[in-house]
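Below is one structure, written out as structure tokens; the observations come after it.
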There are 2 protein chains.
Amino acid sequence: MSKLQSYEREAFETVERAPEAQAKGFATVRRAHESEMAEDYVELIAELIELRGEARPVEIAERLGVKSPTVTKNISRLKAAGLVRRERYRAIFLTDAGRELAEACRRRHRVVVAFLLSLGIDEETAERDAEGIEHHVSTTTLEAFEHALLQSQSGK
Amino acid sequence: MSKLQSYEREAFETVERAPEAQAKGFATVRRAHESEMAEDYVELIAELIELRGEARPVEIAERLGVKSPTVTKNISRLKAAGLVRRERYRAIFLTDAGRELAEACRRRHRVVVAFLLSLGIDEETAERDAEGIEHHVSTTTLEAFEHALLQSQSGK
DNA sequence: GCTAAAACTTAGACTCGTCTAACTTAGGTA
DNA sequence: TACCTAAGTTAGACGAGTCTAAGTTTTAGC
């Protein structure tokens with residue numbers, strides 16, 4: 001346990017960070033939250049299209065654990081953002097932009113899950129944590145995850 | 001690059017997850033979002049108390065990158081939640097519950113940052129990503145991070 | 001091919017976290 | 001000590017994301 005002391009130590013010396021840098025960090029997190037809804041929806045829509053050939057609000061609601069009016073409202077926001085194509089009472093499809101975003105998100109999701117699994121975390125926890133973590137992983141960090149994954153795979 | 005194929009593969013076989021499990025995951029993320037504000041505030045308040053002996057709204061606003069009325073409103077929410085103690089126009093202090101939460105958050109924050117650094121990520125990115133990631137890291141995952149950290153430290 | 005049930009939408013309310021504008025209080029200094 | 005300025009608060013608006021209740025459309029079974 002004493003090996004951990006090197007970073008536990010910081011507890012007692014609280015480094016003073018530049019306030020603007022800190023503020024920028026929080027702003028980044030707030031921005032990530034704004035795109036989270038869109039990312040979760042397109043990711044799920046892509047999944048359903050692959051699985052079923054189409055994405056229906058009823059199933060999106062079920063998987064997201066929300067009620068259908070919520071889905072209706074959010075889908076129209078997605079439509080306004082140019083990510084989905086859709087007519088009233090019909091299934092939902094992705095635009096090119098939506099498909100592109102979905103692909104990037106799914107790839108990122110898979111990397112995060114695979115990375116967590118490589119640390120010995122159980123599948124359920126890995127999936128659950130990845131859902132929250134993925135939206136806050138920068139390209140740099142994603143690459144580091146991939147790199148570490150490669151190491152661990154060649155290692156065994 | 002071909003080593004990566006094993007998890008890139010999944011792209012083409014989209015495993016069907018139980019809808020309820022997926023819904024539960026999203027619910028967990030939504031719950032995490034609700035406590036995020038509280039966690040960020042108490043963490044920062046603890047930091048400022050250590051640094052300055054007290055936490056002033058003006059500095060909280062600056063560090064969080066928000067305006068002071070936002071701080072006023074959120075502090076009263078924290079007060080209602082029993083995390084801070086405070087009188088009008090005076091500095092902000094933590095209750096026992098608040099201090100406890102702050103300590104847990106700061107420890108988690110340090111672990112996440114240290115872990116990201118151990119992957120070779122630069123300090124600025126590590127800090128920025130940790131800010132978002134930390135709120136979504138379960139105890140299980142946190143332990144896995146600590147374990148990996150220990151490995152990497154004994155490894156070099 | 002009608003009709004009942006399931007799927008979907010609309011309307012309207014609520015909370016959270018943010019903002020601006022305008023007001024009040026506290027504190028240092030002339 | 002009186003006053004100016006910086007700090008803090010109040011009031012009120014707004015968007016996002018959720019909900020319930022009530023309506024409309026689609027669809028599937030008889």
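To find a chain, count down the sequence lines: A is the first, B the second, and so on, and within it residues start at 1.
- A salt bridge links Arg108(B) with Glu39(B): at least one charged nitrogen is closer than 4.0 Å to a carboxylate oxygen.
- Checked for salt-bridge contact, Glu146(B) and Arg107(B) meet the test: a charged N lies under 4.0 Å from a carboxylate O.
- The side chain of Thr70(B) places an N or O atom within less than 4.0 Å of a non-bridging phosphate oxygen (OP1 or OP2) of dC19(C).
- Using a 4.0 Å cut-off between a side-chain N of Lys or Arg and a carboxylate O of Asp or Glu, Lys24(B) and Glu127(A) do not qualify as a salt bridge.
- No close placement of the His135(B) and His109(B) rings is indicated, their centers lying 6.0 Å or farther apart.
- Ring geometry for His136(B) versus His136(A): interplanar angle under 30°, hence parallel rather than tilted (30 to 60°).
- For Met37(A), the side-chain atoms get nearest to dG17(D) when compared with the rest of dT27(D), dT18(C), dG17(D).
- Taking every side-chain heavy atom of Arg86(B) into account, dT9(D) is the closest of dT18(D), dT9(D), dA7(C).
- Looking at heavy-atom distances under 4.0 Å, Arg30(A) makes contact with sugar-phosphate atoms alone, never a base.
- One can place CD1 of Ile60(B) at 15 Å from C1' of dT9(D), the figure rounded to the nearest angstrom.
- If Tyr89(A) and Arg77(A) are placed on DNA chain D by their nearest nucleotide, the residue sitting closer to the 5' end is Arg77(A).
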Sub-3.5 Å pairs of nitrogen or oxygen atoms, protein against nucleotides 10-13 of chain D:
from    : atom 1 : to       : atom 2 : distance (Å)
dT10(D) : OP1    : Arg88(B) : NE     : 3.3
dT10(D) : OP1    : Arg88(B) : NH2    : 2.9

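- Regarding contacts with the backbone of dT9(C), every side-chain N or O of Arg90(A) stays at 4.0 angstrom or more from both OP1 and OP2.
- Using modelled atom types, one finds no donor on one side chain facing an acceptor on the other under 3.5 Å when comparing Arg17(B) with Gln22(B).
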